Amino acid sequence: MDVQENKGKWKLALYLSAFIAFIIVIYYSNLLVSNIAKEERNRVRIWADGISYKAELVNYTEKFFNRIREEERKRASIFAQAILKLDQASLDDDLTFYGSIIEFNSTIPCVVVSNSGEIIWAVNVEPEISRKQYIWQVEDYRNNFDSISISYDRNMTNTVFYKESKIYTELRSVLNDLIQSFFQEIVINSASVPVIVTDENETYVVEYGNIDSLIVCNPARLAEQIARMKDENAPIKIELPNLGTCYVFYQESSVLKQLRLFPFLLFFIVVIFAGVAYMLFSLARKSEQNRVWVGMSKETAHQLGTPISSLMAWTELLKEQNVDPTLIKEMDKDVHRLETIAQRFSKIGSLPELVEENLIEVIESFLSYLQTRVSKKISLEFIKPQNSNILIPMNRYLFEWVVENLVKNAIDAMDGEGVIFVELTAEQKVIHIDIRDCGKGISSQKQKQIFQPGYTSKKRGWGLGLTLARRIINEYHGGKLFVKSSSVNVGTVMRITMNK
């Protein structure tokens, strides 16, 4: 199998393999992300259910405490009435029941105060309160606690100050902790999802978590964020003590969003890595090819040196033997031609010296020499502009080599019969040299392959002619060599473009 000929197929196979690998990576990555997203949604659903249940618990607890408060008020009222009955009872009345009411009050702090403010009775209070004589000395009771008035007659009124029991206070603390932990459960959730808790109007933010504070502080950005959350998930409606109806908005976590981008980031990294690796491999391969070509070229130039010297000596000897001068002249041309070829090979691999030459004269001279050495069935036609003096910097030996390669390829394409047109056109900044034949043409698939090292459609040859020709024009002369146009069984136009 010809590797160069099938290079395009190899590249296509590699591209297809890379594409298939990318599809597989994307598929399994998306499958993984979908599974993670599903798991996260399940966790969020469980978390949301937990929030709803906990909200119900908080509301139930608040109602429970309200009932306890009401019960304690009733007990305080009964306690005050019992004191009133004891005070108003006669000696013959049975006071056991009222005494047991007062005796069994072991939880509700109560202070009985006379009409003048004097503390008459104190129970379940701190010792220092019991030692006070007047209620205004106990600011806490007088200003912050509930009271019940007990009227003895029109001029006598006692007041019972009472506050919530110690048990109730402890339960209230538990409720506050429960509410606080409820908000923490919402904000610091196990799913690590962004959360915003708002009031019923969705304007006041009660709590938030995993959200940039700058968004919360900006009403416009907050509204946009809430709208995005609404689009992703329906908000959770909850009832909270002292707040009423609230809504919990949430969306998928930032980790999941990053995971969605992971396949594309991975593909981007792989593409960069593969591109850099391919570039380094290509540079190494080209460098190795260049070293091989340079070595072969210089070795060829060296090997040609000895027979050329011998031929030069033989021509001088033939001149002394009175041989036909015409034959000697043609032999001198061929020896000069061999010297030119040796010069070409010797300059490969080193930066050639460019000298201003008359392009028209160089092409005319070379085509004239070549016409005498090709088949008589081949005609070389040079089409040039009226201006006969176009100077451009070039290395004549290497430039003639390029034209020779292109003309010989055209001759082979026409099977040694036909007309080859070499047309020179001058523009403002560049010169175009078109070499046109009427041969077999080049298919569009192979037009890019013909400049690759080793590619050839001939039974003989190394496939380096067009590669070296393009290198001479592109790298040494700063121009371009390319296929201008080609059609199968119609012909090909090769174009050389050089700067003036």
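Since the model is a prediction, treat every value here as computed from it, not as a measurement.
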Salt bridge (Lys or Arg N to Asp or Glu O under 4.0 Å) evaluation trace for Glu200 with Lys237: CA-CA 9 Å; Glu200 187 176 9; Lys237 183 179 178 180; over 6 Å; no
Verdict with supporting geometry, Thr497 and His432, side-chain hydrogen bond (donor to acceptor under 3.5 Å, both in side chains): CA-CA 5 Å; Thr497 299; His432 300 299; 3.0 Å; yes
Check against side chain to side chain contact (heavy atoms under 4.5 Å, CB included), Gln225 and Ile211: CA-CA 9 Å; Gln225 181 67 31; Ile211 295 287; 3.9 Å; yes
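Of all heavy-atom pairs between Val216 and Leu222, the closest is O-CD2, 4.0 Å. Counting all heavy atoms, side chain and backbone alike, Asn474 lies closest to Gly479 at OD1-O, 3.1 Å. Here the closest heavy-atom approach between residue Gly441 and residue Thr492 is recorded as CA-OG1, 3.4 Å. In this structure, Asn499 and Gly478 approach most closely via the heavy-atom pair ND2-O, 3.5 Å.
Counting non-hydrogen atoms of neighbouring residues, nucleotides and ligands closer than 6.0 angstrom, the OH atom of Tyr28 reaches no more than 12 such neighbours. Summarising the local packing, NZ of Lys500 is surrounded by more than 12 heavy atoms from other residues, nucleotides or ligands at distances under 6.0 Å.
Proximity of Asn405 to Trp401: side-chain heavy atoms (C-beta onward) are separated by under 4.5 Å at one or more points. Residues Ile215 and Ile196 fail the side-chain proximity criterion, which asks for heavy atoms closer than 4.5 Å.
Without hydrogens or angle criteria, Asn395 side chain to Leu354 main chain gives no donor-acceptor distance under 3.5 Å.
Applying the salt bridge (charged side-chain N to carboxylate O under 4.0 Å, His left out) test to Lys484 and every residue at least two apart in sequence or in another chain returns Asp434.
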